[in-house]
Amino acid sequence: QVQLAESGGGLVQAGGSLRLACIASRNSFSFDVMGWYRQTPGKQRELVATVTSDGSTNYADSVKGRFTISRDGAKNTVDLRMNSLKPEDTAVYYCNGRLNTHQAMIVLGYLGDYDFWGQGTQVTVSS
């Protein structure tokens, strides 16, 4: 199995910055996609940003221009730099690592894509 460990959450004032970091317990393979999602009470988990193994990025419209995702494929780490934070960014942020079908079969003997999740880190932005 693989564990994802997040760090870097906390309390910050509106307009401030935080950097989230996530590291996988194994680096014998590189996730097809790594990303960050967030969730607030009573709402579904939503995508914040993802980055593929070839460096292609995707951002939620609400964070474009403010957040930057980056990864180190060799170390199986993914970071999220968050600037100009707003109170509406307050949430629990989860790290995600996705194995594609081919990887999941080799690594896990599993048929299909497979997602690993961290336990989450709280980000609170005060107004």
Side-chain angles (χ1 to χ4, degrees):
Q1 272 293 353
V2 179
Q3 284 78 46
L4 299 176
E6 302 111 334
S7 61
L11 173 65
V12 65
Q13 288 189 329
S17 298
L18 281 175
R19 174 180 166 271
L20 305 182
C22 174
I23 185 167
S25 59
R26 288 173 58 183
N27 61 2
S28 55
F29 62 88
S30 181
F31 287 107
D32 185 34
V33 184
M34 297 193 78
W36 291 91
Y37 292 71
R38 65 188 182 188
Q39 188 170 21
T40 54
K43 293 189 176 181
Q44 287 190 330
R45 192 171 296 184
E46 64 176 10
L47 178 148
V48 176
T50 60
V51 56
T52 66
S53 57
D54 65 1
S56 297
T57 57
N58 180 47
Y59 295 92
D61 287 343
S62 59
V63 307
K64 283 181 181 177
R66 300 188 298 121
F67 291 10
T68 302
I69 190 170
S70 60
R71 69 181 286 181
D72 185 325
K75 297 179 180 179
N76 250 350
T77 62
V78 62
D79 291 352
L80 185 69
R81 180 68 181 177
M82 305 184 292
N83 296 324
S84 303
L85 282 161
K86 305 175 180 179
E88 50 264 42
D89 294 318
T90 296
V92 178
Y93 283 70
Y94 295 91
C95 176
N96 169 265
R98 171 167 292 183
L99 300 178
N100 60 32
T101 300
H102 176 70
Q103 293 174 316
M105 178 55 67
I106 293 174
V107 175
L108 302 172
Y110 180 85
L111 184 62
D113 294 349
Y114 194 92
D115 284 308
F116 290 95
W117 294 95
Q119 293 193 333
T121 184
Q122 177 70 47
V123 172
T124 302
V125 184
S126 63
S127 57

For this session: Find out whether Ser62 and Lys86 are in side-chain contact, i.e. whether some heavy atom of one side chain is under 4.5 Å from a heavy atom of the other.
Result: no
Exercise. Below 4.5 Å, heavy atoms only, C-beta onward: do Arg38 and Val123 meet side chain to side chain?
Worked result: no
Exercise. For the residue pair Ala24 and Phe31, what are the closest heavy atoms and their distance?
Worked result: CB-CE1, 3.9 Å
Exercise. Do the side chains of Met82 and Val12 get nearer than 4.5 Å, heavy atoms only?
Worked result: no
Exercise. Is any side-chain heavy atom of Asn76 less than 4.5 Å from a side-chain heavy atom of Val2?
Worked result: no
Problem set entry | Identified side chain to side chain contact (heavy atoms under 4.5 Å, CB included) counterpart of Asp72 within the set Asn27, Ile23, Thr77 | Thr77
Exercise. Ser17 and Asn83: which non-hydrogen atoms are nearest, and at how many Å?
Worked result: OG-OD1, 2.8 Å
Problem set entry | Exceeds 12 heavy-atom contacts within 6.0 angstrom, atom CD of Gln122 | yes
Exercise. For the residue pair Ala49 and Leu80, what are the closest heavy atoms and their distance?
Worked result: CB-CD1, 4.2 Å
Exercise. Do Val92 and Tyr37 belong together in a cluster built from hydrophobic side chains that touch within less than 4.5 Å?
Worked result: yes
Seminar exercise, completed: Test side chain to side chain contact (heavy atoms under 4.5 Å, CB included), reference Cys22, set Tyr93, Trp36, Tyr94, output is Trp36
Problem set entry | Closest contact, heavy atoms only, Pro87 versus Ser127 | CG-CB, 3.9 Å
For this session: Report the distance from atom CZ of Phe116 to atom CZ of Arg26, rounding to the nearest 0.5 Å.
Result: 7.5 Å
Exercise. With side chains defined as the heavy atoms from C-beta onward, is the minimum distance between Tyr110 and Leu99 less than 4.5 Å?
Worked result: no
Exercise. Is the backbone of Arg81 close enough, under 3.5 Å, to the side chain of Asp79 for a donor and an acceptor to pair up by distance?
Worked result: no
For this session: Using atom types as modelled and distance alone, determine if a side-chain donor or acceptor of Tyr59 lies under 3.5 Å from a backbone N or O of Arg66.
Result: no
Seminar exercise, completed: Here the gap from Thr52 atom OG1 to Arg98 atom CZ, rounded to the nearest 0.5 Å, amounts to 12.5 Å
For this session: List in chain and number order the residues that pass salt bridge (charged side-chain N to carboxylate O under 4.0 Å, His left out) with Lys64, two or more places apart in sequence or in another chain; answer none if no residue qualifies.
Result: Asp61
Problem set entry | Whether Gln119 side chain and Ala5 backbone form a donor-acceptor pair below 3.5 Å | no
Exercise. Can you check whether Thr40's main-chain N or O pairs, donor with acceptor, with Glu46's side chain at less than 3.5 Å?
Worked result: no
For this session: Locate the shortest heavy-atom distance separating Thr50 from Val33; write the atom from each residue and the value.
Result: CB-CG1, 3.9 Å
For this session: Quick one: pull up CZ in Phe67 and CG in Leu20 and give me the separation to the nearest 0.5 Å.
Result: 8.0 Å
Seminar exercise, completed: Cys95 and Val78 have their tightest heavy-atom pair at SG-CG1, 3.7 Å
Seminar exercise, completed: The residue among Ile106, Asp113, Asp32 that forms side chain to side chain contact (heavy atoms under 4.5 Å, CB included) with Thr101 is Asp113
Exercise. Is it the case that one hydrophobic cluster holds both Met34 and Leu47, taking links as side-chain heavy atoms less than 4.5 Å apart, direct or via other members?
Worked result: no
